[in-house]
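Hydrogens, waters and symmetry mates are skipped; everything else that's a heavy atom, side chains included, is used. Remember, predicted model here, so these are calculated numbers, not experimental data. Lettering of chains follows the sequences in order, A, B, ..., and the numbering in each one begins at 1.
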Amino acid sequence: MVAITLPDGSRRHYPGPVSGLDIARDIGPGLAKAALACTVDDEMWDLTRPIEHDATVALITAKDEAGLELIRHDAAHVMAEAVQELYPGTQVTIGPAIENGFYYDFARNEPFTPDDLERIEARMREIVDRDEAITREVWDRDAAIAHFKGLGEQYKAEIIADLPAGEPITVYRQGDWKDLCRGPHLPSTGRLGKAFKLTKLAGAYWRGDARNAQLQRIYGTAWATDKQLKDYLHMLEEAEKRDHRRLGREMGLFHLQEEAQGAVFWHPKGWTLYRTLQSYMRRRLEAAEYVEVNTPSVVDRSLWERSGHWAKFRENMFTTSTDDDRMLALKPMNCPGHVQIFRQGIKSYRDLPLRMAEFGSCHRNEAHGALHGLMRVRAFVQDDAHIFCTEDQIVSETRAFCDLLKSVYQDLGFESVAVKFSDRPEVRAGADATWDKAEAALKEATEAAGLDWTLNPGEGAFYGPKLEFVLRDAIGRDWQCGTLQVDFVLPERLDAEYVGEDGEKHRPVMLHRAILGTFERFLGILIENTAGRFPLWLAPLQVVVATITSDADAYASAVVTALRRAGLKAEMDTRNEKINYKVREHSAAKVPVIAVVGKREAEDHTVALRRLGGARQEVLALEDTLNTLKEEAMPPDLVRQSAEAGPGGMDRVA
RNA sequence: GCCGCAGUAGCUCAGCUGGUAGAGCAACGCAUUCGUAAUGCGUGGGUCGGGGGUUCAAGUCCCUCCUGCGGCACCA
């Protein structure tokens, strides 16, 4: 007897071994048709694999996230089968499901071309039509190695040889094709459906190691239904329109050119945006009791040798030399400079925590292939700061930092942030007890700030654990922006010390931290996140006053002057064009507010306001317009400040 | 840095198997004074990414370098 418990708690009894498919049929033909796999005691199983003991079983369909993952994984297998049919001699390696799709890495001497993708996709559809049964087989390890070696599949043989002893070696057979795979899989290739598409071709190193051979990776996307596929492709097209490189050009924010690879030419509007964000950050840091400093950009090699950068970071540093042969380097980070300031004079425990901020211009010679618009540049400015504190202050400082970060992100429109917690790596400096303390402090503080985090095991810096705050760009790529790193090493190397309560000298701990990360990257993300429709307080051009006919030119000029006096960034459009044309153009340029003035407005001293994205207008008296827009354009931190000041403190009550 | 793809006017792109560059938008000029997402007509604009080669002839074919794009590796 086998007793099967279903998710709703009901129980079914079977005389002998039973498969997920049997159970599904038992429940109903609809489910039998929809079921793709099942979970047996929370472990994913093939639908046809016999269950021999009492278990809790849940059936998985394409509506489940797990079902979609199965579809994607099968798509990878079907693609591999198609590739091996079309291009004999190609070796298969690995092919997992990923977010939105799948890939498979192949080893083949000839490169695949975009035309090949079409052929492969067509063959995949044939394989789906063949509806080959997919069956699971457990093999003997040596037999499996011999089998794949015999086929010339060196990579597969290597994978099997590296599997931990005791792990069952499962081979999945679909038609005449076999692949080593942990599974599970769909019952047959027909179940995959045809809502898939091969999307891109790329190189990828075997086992992700640049010292290994480079394989050819084919990416695809796969979905349960054609509609889902269509929606996804549409979403990608839409996302492309908000690419910050495109919007940067269209909106006249910045440009890049080959003579200064990886460095940004900020145009007036872009630089206004940049400065607005920087002013905001500066106010936030000041309010959080940071002090701001500025340290040299070009620094003698000897300092970098002492800090350890010369040994660890040399490849990424730009260097220059003087006539007397001194070797200098452009700073890639601000930290050594900050320690130099800390070291001036004697510091007491009373000076700690000392929060030292700098919007310092840094340069790193990033690998050519790593450059990417504003997201990965060679010249950048961080909202950088180093907190010199005692070990006992790590918790409170981290907590304060997480709170500040959360508040800043919220102000800038990011409600949820992915937080990665990277703990001790194998090779590290510092005693285990110190690491225990630092890791516990980081965790506690992150949770106290209400941030959800995931563990990134062993990925911490050699000098301490770190938090990474990751934001996502328009097409789903993740970029690390904020960070907090606990550092026990640099104060030691650069000999930072303070006098404690006990009168003895002690080493401070350094917390390296940034919220935005770099202004460049953050602005790239911000442009994509807002699709260029910045909130009024950030918009580099807030209002355009557009005239209907030249009769209103003088009044328009008065309105612009009044707006500017009220602190708004306003421009005037008195061109001899129709109002339709002007509205269209400024809307396309994503100007948040268009103030239309014609004869009527000039006579009544009013303004017809049109908001970006809205189709309606509201006619307001000029005075009201000024007050309304002034309020709306107030940066969020100042809004809070004036609210705290209470009624009468300032105009605005949030 | 590695693999693949691409580079034609400010932008988006066309230019078949080699015969000497084209459209739309933008810009500029003229006309139009108009009530909320494109007024009409006209004009100018290109060493076809750089260099080399093949050819009577190269945007088109070959080599090479540069840059960009998509991944991979890297991201202290």
Given [options], the nucleotide with the shortest approach to the side chain of [X]:
X	options	value
A/Gln617	B/rU67, B/rU36, B/rC72	B/rU36
A/Glu258	B/rA38, B/rU36, B/rU67	B/rU67
A/Arg610	B/rC75, B/rA37, B/rU39	B/rA37
A/Arg249	B/rC72, B/rU36, B/rC11	B/rC11
A/Tyr219	B/rG71, B/rC66, B/rG1	B/rG71

Exercise. Under 6.0 Å from the six-membered ring centre of A/Trp304 and within 45° of its axis: does the NZ or CZ of A/Arg301 meet both?
Worked result: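 Pair A/Arg301/A/Trp304 does not count as cation-pi.
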Problem set entry | Stems formed with participation of RNA chain B [Watson-Crick or G-U wobble, under 3.5 Å, three or more pairs] |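 Expected stems, ordered by start: B:1-7 with B:66-72, B:10-13 with B:22-25, B:27-31 with B:39-43, B:49-53 with B:61-65.
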Exercise. Under 3.5 Å, is there an N or O donor on one side and an acceptor on the other linking the side chain of A/Gln214 and the base of B/rC2?
Worked result: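 Under the 3.5 Å cut-off, the side chain and the base do form a donor-acceptor pair.
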Inspect the contact between [Y] and [X] and indicate whether a charged nitrogen and a carboxylate oxygen are less than 4.0 angstrom apart.
X	Y	result
A/Arg575	A/Glu585	yes
A/Arg246	A/Glu528	no
A/Glu632	A/Arg611	yes

Base, sugar-phosphate or nothing for [X]? Non-hydrogen atoms, less than 4.0 Å.
X	answer
A/Lys582	nothing
A/Arg616	nothing
A/Arg477	sugar-phosphate

